[in-house]
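The structure appears right after this line, and notes come after that.
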Amino acid sequence: MAIVIIRQDKKIDLWKNALLRANPELKVYSYLEEHPKEDIVMALIWKHPEGSLSGYPNLKCIASAGAGVDYIFEDATAPKHVPITRVVDPYLASDMSEHVLAVILAHLKNLNTYKLQQVNNIWKPRDYKRIKDVTVGMLGLGELGALTALDLVRTGFEVQGWSRSKKNIGGVNTFAGTNELSGFLNTTDILVCLLPLTPETKGFINTELLAQLPKDAYVINVARGGHVVDADLLEQLDKEQISGACLDVYHQEPLATSHPFWQHKKVHMTPHYASVSDTNSVIPQILENYQNLREGYKLLNEVDRKKGY
Ligand code: NAP
Ligand code: GLV
């Protein structure tokens, strides 16, 4: 039994060393080194090269090193019979919650606008908003959305959330399903997207959706670039239906330097780093699943292949 790590960033050694520190007996390989393919039962992956999951005859688990698994479904060559697991981790959730809170407060207090003014030596005080003045609406009330919603409630925000199935989250006004989407959007001043990217949610943030938000609403996308129809968002920003957007994720990453988001005064960009898997925190669940594979037990955090998340 062995694990192969497949990712295209520079973090293969980080994950390999963390696994070996936790259990020096493990057999762990980088996909870039010579390795016995028939021994591999778990592939620990993040944005693997397309095709790299083929050729492992005894693969029993594809473990995403992050929360999202959209990139696995996008690879038509990835084996369809192998269970997929994803990361559910308290730091991943609290890092996201802290990021969203920082973005919302920066928006309410005009911090990004002041930074632009500073660059141009402009002294121009602007009206600011208070926490009590706005309602935050979470698209997605899963592991990350639910904690973010709860933390925003604790901070004093009016918070509502929308998901596929109805939720009961203390202090959060919850909506579910397509029938309740309009009611949710009509009363959301700051929209935060924490949906998984699936065929149902692709292009979800489009003209039709943005038009249902109150005028001057603010949009925060920390889920996946594919949720947003970029041209629609740009149009609604220019028409002043939407007052601004903070984006962490993009259709293409890194985003092409020619993309209009880079230069747009109302778009605040961060480089897909809102919340990143903390190796030491995540390794125990990977090892527990490795043990579960060995003993034939149910896997933790298994993805529902039918739902796509
Ligand atoms: P999760 O636990 O699977 O939660 C997903 C939520 O979205 C659930 O509430 C689900 O509803 C809802 N949902 C899914 N499809 C829906 C649909 N068609 N209509 C309505 N609601 C729908 O996911 P998570 O762990 O919170 O993560 C969410 C996403 O965040 C990930 O998939 C990833 O793309 C992104 N992410 C980004 C970063 C970053 O740094 N930017 C970091 C980590 C994760 P039900 O509960 O009813 O199923
Ligand atoms: C990051 O984007 C993740 O899905 O964990």
Side-chain angles (χ1 to χ4, degrees), residues 7 9 11 15 44-48 63-74 84-100 102-103 137-151 159-169 172 174-185 191-205 209 220-228 245-251 253-255 268-279 281-282 285-286 300-309:
R7 49 192 304 149
D9 57 14
K11 293 188 177 174
W15 283 85
L44 175 57
I45 70 169
W46 183 246
K47 300 198 175 169
H48 63 292
S64 172
V69 291
D70 44 291
Y71 65 99
I72 303 173
F73 289 106
E74 275 163 20
I84 299 171
T85 61
R86 70 188 197 100
V87 167
V88 174
D89 175 70
Y91 282 127
L92 201 64
S94 62
D95 289 355
M96 180 56 79
S97 167
E98 289 175 16
H99 178 89
V100 170
V103 169
M138 308 293 309
L139 282 174
L141 288 170
E143 296 294 334
L144 306 188
L147 183 77
T148 304
L150 270 174
D151 284 348
V159 184
Q160 53 192 25
W162 180 79
S163 51
R164 184 198 294 267
S165 56
K166 188 76 175 169
K167 306 286 179 212
N168 185 359
I169 304 172
V172 179
T174 57
F175 297 73
T178 31
N179 290 346
E180 296 186 8
L181 181 59
S182 289
F184 163 80
L185 293 171
L191 184 74
V192 180
C193 179
L194 270 170
L195 291 168
L197 185 62
T198 66
E200 283 175 49
T201 64
K202 190 169 180 226
F204 198 68
I205 303 181
L209 178 144
I220 300 171
N221 185 20
V222 275
R224 285 292 181 264
H227 288 119
V228 174
C246 184
L247 309 174
D248 187 54
V249 285
Y250 310 90
H251 284 266
E253 295 179 359
L255 189 64
H268 185 199
M269 292 170 61
T270 53
H272 196 156
Y273 224 66
S275 166
V276 178
S277 289
D278 176 315
T279 322
S281 184
V282 166
Q285 65 190 265
I286 304 294
L300 302 173
N301 308 325
E302 188 171 343
V303 168
D304 181 333
R305 275 187 173 270
K306 282 207 196 83
K307 287 187 183 165
Y309 64 97

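For the single chain, residues carry numbers from 1 onward in sequence order. Since we're looking at a predicted model, the values are computed, not measured. In each ligand, atom 1 is the first atom listed, and ligand 1 is the first ligand listed.
Contact annotation: Gly66 has no heavy atom less than 4.0 Å from any atom of ligand 1. Ligand 1 lies within reach of Leu195, whose nearest heavy atom is under 4.0 Å from it. Using 4.0 Å as the threshold, Arg86 has a heavy atom nearer than that to some atom of ligand 1. Taking 4.0 Å as the cut-off, Arg86 does not count as a neighbour of ligand 2 on heavy-atom distance.
The aromatic rings of Trp162 and Phe204 sit parallel to each other, their planes meeting at less than 30°, with 60° as the upper class boundary.
Ser163 places no side-chain N or O within 3.5 Å of a backbone atom of Leu141 that could act as its donor or acceptor partner. Side-chain atoms of Thr201 come within 3.5 Å of backbone atoms of Pro196 as a donor-acceptor pair (strictly under, hydrogens ignored). Proximity of a side-chain donor or acceptor of Gln160 to a complementary backbone N or O of Phe175 within less than 3.5 Å is not detected. Under the 3.5 Å distance criterion, the side-chain polar atoms of Asp248 are matched with a main-chain donor or acceptor of Ala274. Using modelled atom types, one side-chain atom of His251 and one backbone atom of Val228 make a donor-acceptor pair closer than 3.5 Å.
Between Tyr309 and ligand 1, at least one N/O pair is under 3.5 Å apart. The shortest N/O to N/O separation between Arg164 and ligand 1 falls below 3.5 Å. When only interatomic distances are considered, the shortest N/O to N/O separation between Trp162 and ligand 1 does not fall below 3.5 Å. Taking only nitrogen or oxygen atoms, main chain and side chain alike, Leu141 reaches within less than 3.5 Å of ligand 1. Checked by distance only, ligand 1 and Met96 stay at 3.5 Å or farther apart across all their nitrogen or oxygen atoms. At a 3.5 angstrom cut-off on N or O pairs, Ser165 counts as close to ligand 1. Of the N or O atoms in Lys307, none lie within a sub-3.5 Å distance of an N or O in ligand 1. Checked against a 3.5 angstrom limit, the closest N/O atoms of Val222 and ligand 1 fall inside it. Of the polar atoms of Leu92, none of the N or O atoms is found under 3.5 Å from an N or O of ligand 2, judged by distance alone.
Atom 40 (O) of ligand 1 has its nearest heavy-atom neighbour, among Gly308, Ser163, Ser275, in Ser275.
Given atom 30 (O) of ligand 1, the protein heavy atom at minimum distance is Leu194 CD2, 3.6 Å. In terms of protein heavy atoms, atom 4 (O) of ligand 1 is closest to Gly142 CA, 3.1 Å. Nearest protein heavy-atom contact of atom 18 (N) of ligand 1 is Glu200 OE1, 3.0 Å. The nearest protein atom to atom 32 (O) of ligand 1, hydrogens excluded, is given as Pro196 CA, 3.4 Å; this is a heavy-atom distance. Annotation: atom 5 (O) of ligand 2 to nearest protein heavy atom, Ala67 N, 2.7 Å. What sits closest to atom 46 (O) of ligand 1 on the protein, heavy atoms only, is Lys167 NZ, 2.6 Å. His272 NE2, 2.6 Å is the protein heavy atom nearest to atom 2 (O) of ligand 2.
For Leu144, heavy-atom contacts with ligand 1 shorter than 4.0 Å involve the backbone as well as the side chain. By the criterion of a heavy-atom distance under 4.0 Å, the side chain of Arg224, and not its backbone, is placed next to ligand 2. Only the side chain of Thr201 comes within contact range of ligand 1, with a heavy atom under 4.0 Å; no backbone atom does. Here Arg224 has side-chain heavy atoms under 4.0 Å from ligand 1, and that is the only part of it that gets that close. Under 4.0 Å from ligand 2, the heavy atoms of Trp46 that appear belong solely to its side chain.
Side-chain contact check for Leu195 versus Tyr309: every heavy-atom pair is 4.5 Å or farther apart. With contacts defined as side-chain heavy-atom distances shorter than 4.5 Å, the pair Leu185/Leu209 qualifies. Inter-residue side-chain proximity for Lys11 and Trp46 is flagged as unmet; no heavy-atom pair is nearer than 4.5 Å. Using a 4.5 Å cut-off on side-chain heavy atoms (C-beta onward), Lys307 and Thr198 make no contact. In this structure, the side chains of Leu139 and Leu191 come closer than 4.5 Å at one or more pairs of heavy atoms. At a threshold of 4.5 Å between non-hydrogen side-chain atoms, the residues Val172 and Lys167 do not count as touching. Under the 4.5 Å side-chain criterion, counting only non-hydrogen atoms from C-beta, Leu147 is not in contact with Met96.
Per-residue contacts place Ala67 under 4.0 angstrom from the following atoms of ligand 1 (heavy atoms of the residue considered): 25 (O), 44 (C). Atoms of ligand 1 lying under 4.0 Å from at least one heavy atom of Ala223, given by number and element, are 34 (O), 35 (C), 37 (C). The atoms of ligand 2 that sit less than 4.0 Å from any heavy atom of Gly66 are 5 (O). Numbered from 1 in the order shown, with element, the atoms of ligand 1 that lie under 4.0 Å from a heavy atom of His272 read 39 (C), 40 (O), 41 (N).
Lys166 NZ: more than 12 foreign heavy atoms inside a 6.0 Å radius. With a 6.0 Å radius and a threshold of 12 heavy atoms from other residues, nucleotides or ligands, Phe73 has its CZ atom above the threshold.
In this model, no donor atom of one side chain and acceptor atom of the other lie less than 3.5 Å apart for Asn301 and Thr85.
Ring centroid separation for the pair Tyr273 and His99 does not come in under the 6.0 Å cut-off.
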